[in-house]
Amino acid sequence: MFGLTLEKLFLVAVIAGVVLGPARLPDYARHLARSVRSLRQFVDTTRAAAEQDLGMPLRR
């Protein structure tokens, strides 16, 4: 997905740790997790509403 490999994700995490610092990094990680959960919930509810309006399941 998006060309991200484990090595690239690790590098991003290391850079984020250096830039943000170890004190603020957990807060930013929690905020990111909440945002991703909220976005996923929005997509799921929107997909369910579209499926109900169309009367047929959407392809995932």
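As the structure is a prediction and not an experimental result, all values here were calculated from the model. Quick note: numbers below take in every heavy atom, side chains included, and nothing from hydrogens, waters or symmetry partners.
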(message) Return the CG to CG distance between Leu11 and Leu6, rounded to the nearest 0.5 Å.
(response) 11.5 Å

(request) Please go through Val12's hydrophobic cluster and name the other residues, only I, L, V, M, F, W, Y counting, with side-chain heavy atoms under 4.5 Å joining them. (result) none

(request) Could I get the full list of side chain to side chain contact (heavy atoms under 4.5 Å, CB included) partners for Val36, not counting sequence neighbours? (result) Leu32, Arg40

(message) Taking side chain to side chain contact (heavy atoms under 4.5 Å, CB included) as the definition, give me every residue that meets it alongside Leu54, ordered by chain and number, with sequence neighbours left out.
(response) Met56, Leu58

(message) Quick check: do Arg47 and Glu51 have side-chain heavy atoms less than 4.5 Å from each other?
(response) yes

(message) According to side chain to side chain donor-acceptor pair (under 3.5 Å), who are the partners of Glu7, at least two apart in sequence or on a separate chain?
(response) Thr5

Hey, can you pull the donor-acceptor pairs under 3.5 Å for the side chains in residues 13-31, sequence neighbours left out?
residue, atom, partner, partner atom, Å
Arg24, NE, Leu20, O, 3.2
Arg24, NH2, Leu20, O, 3.4
Asp27, OD1, Arg30, NH2, 2.7

